[in-house]
There are 2 protein chains.
Amino acid sequence: MAAKGSGAESKRSQRKAPSPPSGREPRGEQPLSLPRIVATAVELLDSEGLDGLKMRRLADRLGSGAMSLYWHVGNKDEVLDLALDSVLEYRGPAQVDAPDDWRGQIVHMLTDWRAGMLRHPWSAALLPRRALGPNILSRLERLSRTLSSAGVADADLNVAIWSLWNYVIGATTTRASFDLSDADRAAAQQRLTDLSQHYPTIERSRLLMDNDWDGAFSKGLDFLLDGLVPKP
Amino acid sequence: MAAKGSGAESKRSQRKAPSPPSGREPRGEQPLSLPRIVATAVELLDSEGLDGLKMRRLADRLGSGAMSLYWHVGNKDEVLDLALDSVLEYRGPAQVDAPDDWRGQIVHMLTDWRAGMLRHPWSAALLPRRALGPNILSRLERLSRTLSSAGVADADLNVAIWSLWNYVIGATTTRASFDLSDADRAAAQQRLTDLSQHYPTIERSRLLMDNDWDGAFSKGLDFLLDGLVPKP
DNA sequence: AACTTAATCGTACAGCGTACGAGTCAATCA
DNA sequence: TGATTGACTCGTACGCTGTACGATTAAGTT
C-alpha cells in the first residue's frame, strides 16, 4: 500500500509567529495563507467542478497573482490533496448515542462520510486516486476499533474494513458521477430507456431509473454488515 | 440515472462496404479506422497511463496526423469511452461450469471484471465517471438474471446489484490506484509506517501493509454475498 | 544603513485539445 | 472521357493550461 505523495513540498518553512497583520494592505484583501487557499479551492471546486479549478482562477478569487500561490503550495496536486482531506473531517456522532451500539456508530460514520463527499462531488472521484490524508486515516482507525469491539475476528478485520471502504467509495463515486451527468437529465433519461430495451431484466427492475440512492445505500450497507458480522 | 454522453458524434456516416484496401499505401501503414484507433488507444493507455494519452501521441503511433483522428472520432472523450468499453467485454465462464451454481457464476463474472480492469489500470478510475457502454450493461443484465434466479426478491434486486457494483468498483479503483503509486514503493512504505504510528489499531492489523489484495477481494465478496442471499 | 528573509507577481514557455480550411485521392456520373 | 463528388488526411493556428524563472517589494535584524 502506498501514498501517492505528488512530491513537491512548498518552499516556505513554517512561519514562526505570523506577526499580526501589521496594518497596511493595498486593497481590502487579506494576505495569502495556506488555510485561505485551501478554503477557496474548496469553494471553487464546489462551484466549478474538478475541471474548473485552475491556478489562475483560484488566484483571481484570492485577489492575488497566480504565481503567488506557489509560495504556499508545491503544485496544483497539492492543492487538491489538501482540499480533499479538508472535506473529510469527522466529528463523531452526536453525544446522545448509545456508546455500545457498534452498528449504529458504523452506519453513522459511513453515512456521514458519503454525505460529506456528496456535498463536494468532486471529492469522490478524487479520493481513491490520491494519498490517504490524516482525516481519512482517522476514519479508518475509528472503523477498525468499532469493528473489533463488535467481535470481528482479527483475521477478518482488514477484509471487513476494506469491504466497507470499497462499498462507500463505489457507492459515492457512482452517485456523484450520475449526479453530474444529470445536468442533461432529459436527454439522458431517453437514451437510457432506449438502451435498456436491449437488457430486459434490468429494464424490468428499472435499475437505471431508480432514484432512491439514499435508500439503496443504507439497505446495501445493512446487507454487507449482515455478512460481516453474522447475527447470533 | 444518466449516461454522460460527451456528445460529439464523429462526422463520418457509417462506411458502406470498406472497399478492400485497393493497394497503394505511401508507407507500409494500414489505413486509419475506428477499431484500429481504439486498439491503439488501449495500448497507449496501458503503457503510458491516462495522462499519457494525447491525441498527437496516439496519431504518432498510428502513423497519421493528429487531426485525422477527428474524422473517425468526435473528440478525445469519445476515444476514452470506446477504449473503456472495449476492455470490459465478458465471454462468460468456461463451459465446464455447473449451470445452476449461481454463486460461482457471480464470483466468476466479478472476478473477471476486476481482473480485466487491473490489466488496464486506467480503466478503473474511468468507469464510474463515464457513460455505461454496452459491455458494462450486459454485465449488469447478466448479474441481474443470476441474482434473480438465486432467489433474491424483486424488491431487493436493484440494491443487490448496486451493492455488488459498488464493491467491485471500489475494490478495483483502490487497488489500481495503489498499484500505480507503488512506483516509488520504498519511500511510500516508510511514509506509511510513520503515519500509521498515530493510528494504533490499523497499525496493529497492518491494514496499509497488507498485500493480499486478491484474497481480500474474494473474502469480502463472500461476506457481501452472504448478506445478500442469506443461507437457509 | 546594510543586509537577509518572506512573500508577491509579470513574463515566458512548452504542451494540450481542437477549429478551420486546404489538400488528395477513388468512385461515380455526364 | 472529363468533371464532380464525397471520403479521408493533415498543416497551421488559437486559446488555454501548469509552472520555471527572475525581478520586485516590504519587514525584520544587525
Side-chain angles (χ1 to χ4, degrees), chain A residues 6-27 29-37 40-41 44-45 48-81 83, chain B residues 6-27 29-37 40-41 44-45 48-81 83:
Chain A
S6 84
E9 301 291 310
S10 68
K11 293 131 203 152
R12 62 126 187 28
S13 35
Q14 55 281 26
R15 207 140 20 290
K16 36 190 67 174
S19 60
S22 60
R24 176 220 48 92
E25 290 297 326
R27 255 310 70 72
E29 313 281 10
Q30 299 136 278
L32 236 34
S33 74
L34 199 57
R36 208 163 79 85
I37 291 175
T40 310
L44 187 53
L45 284 162
E48 312 270 356
L50 231 157
D51 294 341
L53 180 70
K54 319 281 161 84
M55 296 304 273
R56 287 177 233 254
R57 253 215 278 251
L58 178 53
D60 282 353
R61 286 213 181 196
L62 288 160
S64 79
M67 289 315 291
S68 308
L69 304 179
Y70 287 90
W71 175 259
H72 304 268
V73 172
N75 53 32
K76 183 181 172 180
D77 276 357
E78 201 178 311
V79 177
L80 281 176
D81 284 343
Chain B
S6 84
E9 301 291 310
S10 69
K11 292 132 205 153
R12 63 130 186 23
S13 35
Q14 53 281 26
R15 208 142 16 292
K16 34 189 70 173
S19 60
S22 61
R24 180 218 49 90
E25 290 298 327
R27 254 315 67 73
E29 313 281 9
Q30 299 136 279
L32 235 35
S33 75
L34 198 57
R36 209 163 80 85
I37 290 175
T40 310
L44 187 53
L45 284 162
E48 313 270 355
L50 229 152
D51 294 341
L53 180 71
K54 318 281 161 81
M55 295 305 272
R56 288 177 232 253
R57 252 214 279 249
L58 178 54
D60 281 353
R61 285 214 181 195
L62 289 160
S64 80
M67 289 315 290
S68 308
L69 304 178
Y70 287 90
W71 176 259
H72 304 267
V73 167
N75 53 32
K76 183 183 172 178
D77 276 357
E78 202 178 310
V79 177
L80 281 175
D81 284 343

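Chain letters run A, B, ... following the sequence lines, proteins first and then strands; every chain starts at 1.
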Specify the separation, in whole Å, of atom [atom1] of [X] and atom [atom2] of [N].
| X | N | atom1 | atom2 | answer |
| --- | --- | --- | --- | --- |
| B:K76 | C:dG15 | NZ | P | 15 Å |
| A:L62 | C:dC9 | CG | C1' | 14 Å |
| B:R36 | D:dC8 | CZ | P | 14 Å |
| B:D51 | C:dG15 | CG | C1' | 13 Å |
| B:M55 | C:dC16 | CE | P | 12 Å |
| A:Y70 | D:dT19 | OH | C1' | 5 Å |
| B:L50 | C:dC16 | CG | C1' | 15 Å |
| B:D77 | C:dC16 | CG | P | 16 Å |

Mind checking A:L58 for me? I need base, sugar-phosphate or nothing, with any heavy atom below 4.0 Å counting as a touch.
nothing
Within the sub-3.5 Å range, which N or O atoms of nucleotides 22-24 of chain C have a protein N or O partner, and how far apart are they?
none

Which atom pairs link the protein and nucleotides 10-14 of chain D when you take only N or O atoms and keep those under 3.5 Å?
from: D:dC10; atom 1: OP2; to: B:G65; atom 2: N; distance (Å): 2.8
from: D:dC10; atom 1: OP2; to: B:S68; atom 2: OG; distance (Å): 2.9

Which value, rounded to the nearest 0.5 Å, describes the distance between A:L53 atom CG and A:R61 atom CZ?
10.0 Å
Check whether B:D77 reaches the backbone of B:L80 with its side chain - one donor and one acceptor, N or O, closer than 3.5 Å.
no
Is the phosphate of C:dA6 approached by A:H72 (side-chain N or O, under 4.0 Å from OP1 or OP2)?
no
State which residues pass side-chain contact (heavy atoms from CB on, under 4.5 Å) with A:S64; sequence neighbours excluded, sorted by chain then number.
A:L32, A:A59, A:L62, A:S68, A:L69
